[in-house]
Number of protein chains: 4
Amino acid sequence: MARKPLTKPRKHASQGRSRATVDALIEATARILVKDGFDKTSTNRIAEKAGVSVGSLYQYFPSKEALVAAVVERHTEELMHVVRTVLADVAKLPVDEAVRKLVTAAIHAHRIDPELHRVLAEQMPRTGRAANADVLSVETYALFRAYLDAHADEFRAVDLELATFVCVTSIEALTHSAVLDYAGRLSEEAMDALVDEATRLIVRYLQ
Amino acid sequence: MARKPLTKPRKHASQGRSRATVDALIEATARILVKDGFDKTSTNRIAEKAGVSVGSLYQYFPSKEALVAAVVERHTEELMHVVRTVLADVAKLPVDEAVRKLVTAAIHAHRIDPELHRVLAEQMPRTGRAANADVLSVETYALFRAYLDAHADEFRAVDLELATFVCVTSIEALTHSAVLDYAGRLSEEAMDALVDEATRLIVRYLQ
Amino acid sequence: MARKPLTKPRKHASQGRSRATVDALIEATARILVKDGFDKTSTNRIAEKAGVSVGSLYQYFPSKEALVAAVVERHTEELMHVVRTVLADVAKLPVDEAVRKLVTAAIHAHRIDPELHRVLAEQMPRTGRAANADVLSVETYALFRAYLDAHADEFRAVDLELATFVCVTSIEALTHSAVLDYAGRLSEEAMDALVDEATRLIVRYLQ
Amino acid sequence: MARKPLTKPRKHASQGRSRATVDALIEATARILVKDGFDKTSTNRIAEKAGVSVGSLYQYFPSKEALVAAVVERHTEELMHVVRTVLADVAKLPVDEAVRKLVTAAIHAHRIDPELHRVLAEQMPRTGRAANADVLSVETYALFRAYLDAHADEFRAVDLELATFVCVTSIEALTHSAVLDYAGRLSEEAMDALVDEATRLIVRYLQ
DNA sequence: GATGAATGAGGGTTCATTCAT
DNA sequence: TATGAATGAACCCTCATTCAT
């Protein structure tokens, strides 16, 4: 059986030059993942692009996987920031307004670094099956479910678990696909129309 | 631009020993894709698992990509068979009945070879971004759109293009996720409930 | 059209350990070319003989062809050094003395690494037909032609182009064949006799 | 040490269908050698081009080398036919006329199948160092030397061995190079001029 | 710490040759 | 005899990782 590569960073290196090196490595990894895809991404290339030696790379990350994990973590954190923010903003709003803001935010989130998002979404699954979508999903589920919980009186009785699954999965799929598969092919008006439709989809489902 | 590897099979070899070898190779490729992922899938491993030599592999397939393409084609054909069948069956039914059958069929389709489906869905974009999901998507879109067209009088006026996108994307995402991410964790009753919810989602959206 | 392999070295590596590795690789390539011929020369064998890993080989040379090109260049440079030197030495001498020195020099040149010379002369046309012998030929032609130009008054009127072709080709063939095909079979006296004959051949031709 | 491949044909197969198959194989080999070079020439391709199966190929030739040897033999035989004929024709002629005819014949000989000639001349040497030029050379030497012997009274006293070497080597080199290196670049008049020069070179050398 | 030369297992692919049919 | 599917050693090349400097 293959030894599973370490995915924990080697040092925390939170200050000064170290931190800069670590950042440069993560950024370089992200850019190369986007440009070349997961399997063409090599540690030598990453080090070169980051302007450090391979040796240094291995001083901060014990393996290629650790580097990729760091990219995933950074990207996930950015996405979750958007999700957390919008769900906080929306907490007190009625369902229809809330959903519209959520959909819009989801599109913004997918636009943070769409190419990277695609690579991470598509090419990681071997490392911890669940781990990928999940870090993101689990928290998103919890937050969205909390919203539904708080606004249960605004709509029909539903199995909250199931409703959360239906809503989160649909919104994610629609916005992901709109941004990534139709990037550039959908005009801004078309995007607005999509927001309308997605909102209607979710709102009427809940009512 | 990188020279794209050939993806056409080398011989047609439709009878006897040849055919058996070809089938064994395609099946071995599918199993290894599932077990190891695209990047770790090597021609030597495929040949070994298929019980033939690498030489034989290359007599029938000009490249690793051709082999994967064959797997994609076989799997797509199986899925499309389900899709075509159900959409034909459903052509004359009213929206609510039609959608329920569609959702049910989508779940069946995802259960054909769920692990393989995941790998193909996630790791193929390498080989012709559009070509993969699209062979499937394009036809599915067309068929579903034709259904909507024919039943336009049963629901509100919509942009058919957009409605097709919303419906197909949502159904695909919900059933894909239900089968793959929650495989084993969702009881049969939960699945039935999911069918109800997904149906409601789509039907009410269209009304 | 087949993609031509790169033939430029990968690093310049002019000092220390790197330089030693590069030299060892070039020398190993030369020896294996001689022993096994072009087709049987494999990068693994070269690396082994040079006492380094294949990986190292590819750190300095992007392809087998680049390695061979380096051997060609090194050998050509050695030969051209002889050719340039003798033609400079001879510039002011009358035809008969000049030709004798040229022939003698040509024999010396062919003795630098006769077996390698044979392989390079015979098996290179693969890599840029013209580029090989020609680097050598073109300059040799030019230098010899310049000599003839400067001494035109010493002999009959001739088409300089043609005369250069006749002289250079004949001297090359005679000395090449003497050294390579009759190596060991021609005594030193026989070699001296050959110099006399070759000189006579060319001198009387020009008169 | 590598086992040296057999080079003798397996059967003499001198009649009927067998003979036709053998001929087709030799011809196919020659054409592929020309088109692809020695190392890209594969037995499978040869068999295909000859319109027989690999199995059949191996019924007539025990190895790839045997096939190539047969091509060499056939080509050499054609060249030697020209050489024998012209030297017989020329036996009674005085030196100047004889040499002119020889040179002309040598050019014709090189034009029989120039591309094949180049491949054979350049890419064989690993199999029996001497064997190549030699089959041809040895007989040519003997025949030319016999001519010189018979006409010794027409020129100065020379070491016949040496004179043969000088003449045969020069004529071969000049005509080979003219036909192969300057093919297409030398006009017919230029060729005539070359014949004049080559003749003068040899004749004055002997006088 | 940082460097980058070195490693070598492993990947995709070809092809001379064999042998069951 | 003829066929052509099958074999597998060998080829060129890449890349994650180590370690002497």
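Naming: A, B, ... by sequence-line order, numbering from 1 per chain. In what follows, every heavy atom counts, from backbone to side chain, and hydrogens, waters and symmetry copies are set aside.
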Can you give me the N/O atom pairs linking the protein to nucleotides 8-11 of chain E at distances under 3.5 Å, or say none if there are none?
from, atom 1, to, atom 2, distance (Å)
dG8(E), O6, G55(C), N, 3.4

Worksheet entry | Euclidean distance, atom CZ of residue F38(D) to atom C1' of dA16(E) [Å, nearest integer] | 12 Å
Discussion item. For dG1(E) and Y60(A) - does any side-chain N or O of the residue sit under 4.0 Å from the phosphate oxygens OP1/OP2?
Written reply: no
Worksheet entry | Among L33(D), T76(D), V34(D), the one residue meeting side-chain contact (heavy atoms from CB on, under 4.5 Å) with V71(D) | L33(D)
Worksheet item: So which pairs with a foot in residues 20-36 of chain A pass salt bridge (Lys or Arg N to Asp or Glu O under 4.0 Å), sequence neighbours left out?
Response: R19(A)-D23(A), E27(A)-R31(A), E27(A)-R74(A), R31(A)-D113(A), D36(A)-R45(A)
Fill in: Rounded distance [0.5 Å steps], CG in L116(A) versus CD in E78(A)
8.5 Å
Discussion item. Expressed as a whole number of angstroms, how long is the span from Y58(D):OH to dT1(F):C1'?
Written reply: 18 Å
Discussion item. Rounding to an integer number of Å, can you tell me how far E48(C) CD sits from dT7(E) P?
Written reply: 13 Å
Worksheet entry | Phosphate OP1/OP2 of dA16(E): any S63(D) side-chain N/O under 4.0 Å | no
Worksheet item: dC15(F) C1' sits how many Å from L57(C) CG, rounded?
Response: 15 Å
Practice prompt. Could you tell me the separation between the CZ atom of F61(B) and the C1' atom of dA6(F), rounded to a whole number of Å?
Written response: 15 Å
Identify each donor-acceptor pair in which a side-chain atom of residues 46-58 of chain C lies under 3.5 Å from a protein atom, sequence neighbours left out, and give them as a table.
from, atom 1, to, atom 2, distance (Å)
S53(C), OG, S56(C), N, 3.3
S53(C), OG, S56(C), OG, 3.4

Fill in: Length of the line joining I46(C):CD1 and dA10(F):P, which is rounded to integer Å
17 Å
Worksheet item: Can you tell me which stems DNA chain F forms when a stem means 3 or more consecutive Watson-Crick or G-U pairs under 3.5 Å?
Response: E:2-21 with F:2-21
Response to the item:
Taken to the nearest whole Å, CZ/R19(C) to P/dG4(E) is 19 Å
Item to complete: Supply the atom-to-atom distance D39(A) CG to K40(B) NZ, rounded to the nearest 0.5 angstrom.
Response: 10.5 Å
Worksheet, complete the sentence: Closest of dG12(E), dA6(F), dT17(E) to the Q59(B) side chain is dA6(F)
Worksheet item: Would a 4.5 Å heavy-atom cut-off, applied to side chains only, mark F61(B) and T43(B) as touching?
Response: no
Worksheet item: Hey, can you pull the residues of residues 24-32 of chain B with a non-hydrogen atom under 4.0 angstrom from DNA chain E?
Response: none
Worksheet, complete the sentence: To the nearest 0.5 Å, atom CG of L67(C) lies from atom NZ of K64(C) at 10.0 Å
